[in-house]
Amino acid sequence: MTSKQHTAEHGTQLEQVNGFTNPGLPEHTPRLTDISPAAERTTERQIAGWFILSMIGTIWFIVSYFLFAPDETMASIQLQNMMFGLGATLALFGIGVGLVLWGKTLVSGTEVAEDRHPIEGNEEDQAVALEILNQAKDESGIARRPLLRNTLIAAVAIAPLPAILVFRDLGPLPGDKMFTTLWGPGVRLCQDPGGVPREDRFIRAEDVTIGSAVHVIPEGMHESEHPLDEKAKAAVLLMRIDPKELNTDPAKEDWGVDGIVAYSKICTHVGCPVALYEHQTHHLLCPCHQSTFDVTNHCEVIFGPAKRPLPQLPIAVDSEGYLVAQRDFPEPVGPTFWEINTRETSEQ
Amino acid sequence: MKLLAERRRHPMALVVLLLLGLLLTGGAYAVFTGNSSASAQEYTASDVEEGEKLFVTNCATCHGMSAEGTENGPSLVGVGAAAVDFQVGTGRMPLQMSGPQAQVKEPQFNEEETSQLAAYVASLGPGPAVPEDEYLDTSQGDAAAGGGLFRTNCAMCHNVVGSGGALTRGKYAPNLSEVSEKHLYEAMQTGPQNMPIFNDANLTPEQKRDVITYVREISETPSPGGAKLGSLGPVAEGLFVWFFGLAAVIGMTVWLSARPK
């Protein structure tokens with residue numbers, strides 16, 4: 001006790017800097033538990049109470065394991081989980097609160113200051129360390145044996161080379177994967193029933209009534225090597241709008257069929273599926289960052305962080321009345337990437 | 001049989017066969033593609049008459065005296081009985097006030113009046129009828145298939161468990177857990193407000209039933225992980241942690257560092 005009090009005093013005796021006086025530690029005031037034996041006993045019982053509460057929690061956990069054994073229903077699992085949580089919370093919280101209370105009220109409350117020791121070692125330690133290093137240099141003979149030294153340096157230098165091979169396996173570069181999808185001339189539009197369907201459900205133009213929104217995947221998607229990867233690029237939303245409401249770009253006059261238009265469902269911001277279609281306002285909203293596209297104006301961005309309009313899939317009707325793609329998307333779908341302008345998309 | 005065998009090389013046989021074939025396929029086509037949700041309910045002339053009276057006194061201000069539509073309300077010719085049953089049955093119509101979208105409230109008409117209004121509007125032009133009970137029976141539906149369809153067609157607006165979500169400029173997709181099977185079906189069929197229409201070619205009546213089964217299943221299943229907080233995902237959970245979790249942490253910190261008296 002006395003040695004610590006000594007350090008405490010030492011800590012207060014700092015030099016005066018910039019006119020501020022170190023106020024030192026505040027005067028020690030005894031706590032209620034220090035002066036009143038009755039309060040001390042009460043607190044002791046309180047702390048023991050918290051520990052007992054913790055025990056009750058632990059026992060409650062064990063009891064509820066048997067008492068609330070779940071049957072087939074979700075509700076019974078929910079009930080048991082809740083009882084487990086209650087027990088575990090009491091068990092841990094009781095121990096924690098009890099310990100903190102103990103530390104705050106019963107453990108000695110005298111204020112103590114401890115000085116930090118200086119960061120640098122003393123001269124003696126420094127001399128010893130230097131000696132060890134010199135000894136290592138002499139005994140290993142690294143200065144006298146340049147062959148060993150140089151081969152060691154070379155060995156260390158080339159050791160990371162295998163990493164090049166390993167990292168190379170992250171490739172190969174995507175090639176034209178970013179620029180192409182499964183859509184192509186004559187590929188029929190199929191309904192998306194979720195996941196990877198085993199058979200295609202083609203769509204007749206007449207079945208897409210005004211106000212409809214149909215989620216579309218390309219024909220034969222399930223036969224490709226990675227159907228879900230292909231779906232992630234080729235997903236399309238098909239909508240039919242009264243042709244009078246569409247402001248069609250003359251250059252894209254024949255990209256729709258009598259008001260039926262198809263747009264990529266992959267947001268040009270970070271690639272979320274844009275499919276919140278409002279059939280009266282013709283707004284398409286992306287749920288992730290609220291980018292909003294105007295379907296009547298070739299899906300130009302009217303709000304939000306997206307920078308490019310959604311790519312439009314040019315569609316037509318084949319001889320059997322089914323909707324087909326005229327060709328692949330004229331521009332890459334999804335978020336913009338560094339190489340997006342490196343190639344001209346072919347007009348097929 | 002003998003007669004048939006004798007005549008089968010007759011010059012007219014081909015024509016007869018062709019006619020028979022055409023009739024058969026045509027008939028079968030009509031049977032199979034006939035609007036499967038057509039008139040589940042037969043309306044009488046008096047229903048239409050009563051409906052017209054109700055319409056003129058309650059709806060004509062906005063929709064026009066003969067439902068032809070005005071500046072304030074769309075034409076109702078061809079919207080069908082399903083649209084009326086949904087809009088009036090859920091209390092959305094008559095509209096309480098103009099705003100981003102029609103609000104759900106206590107229905108203003110009883111079932112009979114609603115059906116009379118539906119009869120009148122259905123008499124104005126062909127449109128989707130009130131669905132047959134067969135397609136509302138969730139015991140016949142496939143919740144798993146419905147889940148796939150729901151996640152593809154509905155979840156982006158209505159949330160993956162149908163809790164609803166925000167749209168643009170004050171509009172929103174409502175929570176589906178309390179919506180009746182019939183109204184769920186009619187909403188898909190008619191596309192109320194800004195909701196797209198899912199006609200029978202897009203989602204067949206059986207698929208609509210699967211979707212309804214999924215919505216029922218998901219809204220009746222309790223969450224084993226604890227309170228759902230409205231199943232709204234990170235928004236509700238984040239708010240809870242922000243206000244209650246952080247408050248608890250701050251409270252504990254203050255208590256830990258406070259001097260005991």
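Chain letters run A, B, ... following the sequence lines, proteins first and then strands; every chain starts at 1.
Residue A/T73 does not touch chain B at all, counting heavy-atom pairs closer than 4.5 Å. Neither the backbone nor the side chain of A/R204 comes within less than 4.5 Å of any heavy atom in chain B. Of the atoms belonging to A/V97, heavy atoms from both backbone and side chain fall under 4.5 Å from chain B. In this structure, chain A has no heavy atom under 4.5 Å from any part of B/A145. Contact annotation for B/T221: only side-chain heavy atoms (C-beta onward) come within less than 4.5 Å of a heavy atom of chain A.
Nearest heavy-atom pair across B/T152 and A/H215 is O-CE1, 3.2 Å. Scanning all heavy atoms of the two residues, the minimum distance from A/G211 to A/Y277 falls at O-CE2, 4.5 Å.
A/R188 and A/E320 are joined by a salt bridge, as a carboxylate oxygen and a charged side-chain nitrogen come within less than 4.0 angstrom of each other. Remark: B/R259 engages A/E111 in a salt bridge, criterion side-chain N to carboxylate O under 4.0 Å.
Between chain B and the options A/A235, A/G85, A/A213, the largest number of non-hydrogen pairs under 4.5 Å is found for A/A213. Of the residues considered (B/A258, B/S223, B/G191, B/G147), B/S223 shows the highest number of contacts with chain A, using heavy-atom pairs under 4.5 Å.
SG distance check for A/C288 and A/C272: under 2.5 Å.
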